[in-house]
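This report concerns only the one structure given below.
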There are 2 protein chains.
Amino acid sequence: MSSVSADDDGHEPITRMKSRDRRELILEAATGVFGDYGYVGATTDQVARAAGVSQPYVVRMFGSKEKLFLEVLRRALDALLSTFRTVLAENSRTELPRYFGRAYVDLLNDRGLLLSLMHAFVLGSDPVIGRAAREGFLEVYEFMRNEAGFGPEQTREFLAGGMLINTMVGLRMSDEFDTNETVRELLTIALPEKLDLLLHLGKTQRPTSK
Amino acid sequence: MSSVSADDDGHEPITRMKSRDRRELILEAATGVFGDYGYVGATTDQVARAAGVSQPYVVRMFGSKEKLFLEVLRRALDALLSTFRTVLAENSRTELPRYFGRAYVDLLNDRGLLLSLMHAFVLGSDPVIGRAAREGFLEVYEFMRNEAGFGPEQTREFLAGGMLINTMVGLRMSDEFDTNETVRELLTIALPEKLDLLLHLGKTQRPTSK
DNA sequence: GTCTATACCAAGATAGAC
DNA sequence: GTCTATCTTGGTATAGAC
């Protein structure tokens, strides 16, 4: 413990920072919070506390909760696509599906990233977020077809597998891995490999209160 | 038009009804609304207006928004499973996957049903809804494995395909079918057959205001 | 069985100080 | 660049009349 106040919940005077850095910090925190509670369910105050700043500051910096979410979505898509592009550049064409699968599951390390994506994918009826989400999904689709050179059926299988993984994660199915035989079976089937990774993410940590 | 008030937005004196029937009516309305806006995003007032009753009445009848959603979830799962059971009873074992696929897409007719399910599947971090959602998904999984006799890989493929369809629907991807070439391509790939069905659901009708 | 009125709280956003 | 204080809205739930 340092010599400052014992109240370390992030509300003691904070060091100033370049706004670029703070921005990154908040975006990371927001990715986690949106991943856990969804766009509507998450509050800007939760994001603020997770980032160690004040609630109004979050709104100030991004203009609105909606704009913040759009940035989180953008970042998540960029991370996804750039991961795939790296895989594409480093591996032989034939083994791609397997490598993509691994890379995808690896993205689970970035807490909330795939989860935030999934939350966006269910918000199609929202006029602004829905549009962004559709466009985002299409980017991924186009990457598969055009850059990675996947055929229609191969693309379908890959996307479907991804959505199944997302659903398992969204459901926090792994929370019951130890206590439920059927869950073990299901997860073993649903996750091609790297099951261990999903499990090591640990149980969902839910703050006692909102 | 009948002789009653011209204000027909559902707020004129309503005929009394057996509570069982009213209950069904509200559950149907709620399925649609939750499907469109998600559990958190939907309001009990939207549900009430869609059902033509007052907001407090909805809460009265179900105890809370949460309990209402749990009932919607339960009903959706029952509909899904009983549909599959019917298919199972009526068809030869060998062609099952195809028939299940069709039956699943047919469920899209029940506006909001699969959508509400999908919304539940992303709420794993909610202590009560998350638990119900996991259990629901497991019911479907067990049906496939035990009742329908699907093998692990067959089950995986089926569930994955289902989640991809759900995602397409959640994204309201079909709203852009006419205006976007890539969307047409994607939807043709993602929906094994019965694409027409998805399209005939029509554009998402979003009430001007909440 | 169903409504109207309303209490109450949570959350996003704004103003303005430092 | 960042905070505290606060306005405002909207949404769940309760009370009680008809």
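Just so we're on the same page: letters track the sequence lines, and every chain starts at 1.
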Would you say A:Tyr141 and B:Glu185 are linked by a side-chain donor-acceptor pair, where the criterion is simply a distance under 3.5 Å?
yes
B:Gln55 (side chain) and D:dA13 (base): donor-acceptor pair under 3.5 Å:
yes
Whole angstrom is fine here: how far is it from CG in B:Asp45 over to P in D:dT9?
17 Å
Closest to the B:Arg22 side chain, choosing from C:dT2, D:dA15, C:dG12
C:dT2
B:Met163 side chain reached by B:Phe121 side chain, heavy atoms, under 4.5 Å
yes
So if I take residues 59-67 of chain A and measure heavy-atom distances to DNA chain C, which residues fall below 4.0 Å?
A:Val59, A:Arg60, A:Ser64, A:Lys65
Can you name the residues that form a side chain to side chain contact (heavy atoms under 4.5 Å, CB included) with A:Val169, not counting sequence neighbours?
A:Leu108, A:Leu115, A:Ile165, A:Leu198
Once rounded to the nearest 0.5 Å, what's the spacing between atom CG of B:Leu171 and atom CG of A:Leu138?
8.5 Å
Does a nitrogen or oxygen in the side chain of A:Thr44 sit under 4.0 Å from OP1 or OP2 of C:dA11?
no
How long is the line joining CZ of A:Arg49 and P of C:dA10, in whole Å?
12 Å
Validation row: A:Tyr39, A:Lys65 side chains within 4.5 angstrom (heavy atoms)
yes
Using distance alone, with no hydrogens and no angle criterion, decide if B:Tyr104 and B:Asn166 have a side-chain donor and acceptor under 3.5 Å apart.
yes
In this structure, how many angstroms lie between the P atom of D:dG11 and the OH atom of B:Tyr37, rounded?
11 Å
Is any side-chain nitrogen or oxygen of B:Ser54 closer than 4.0 Å to OP1 or OP2 of C:dT2?
no
Separation of atom CZ in B:Phe69 from atom C1' in D:dT12, rounded to whole Å
17 Å
A:Arg131 atom CZ, neighbour heavy-atom count above 12 within 6.0 Å:
no
Separation of atom OH in B:Tyr57 from atom P in D:dA15, rounded to whole Å
18 Å
Estimate the overall bend of the helix from C:dG1-D:dC18 to C:dC18-D:dG1 from the end axes over five pairs each, rounded to 10 degrees.
10°
Kindly indicate whether the side chain of B:Phe137, heavy atoms from C-beta on, has any atom under 4.5 Å from the side chain of A:Thr167.
yes
Given the options A:Arg134, A:Arg145, A:Arg74, A:Glu139 meets salt bridge (Lys or Arg N to Asp or Glu O under 4.0 Å) only with A:Arg74
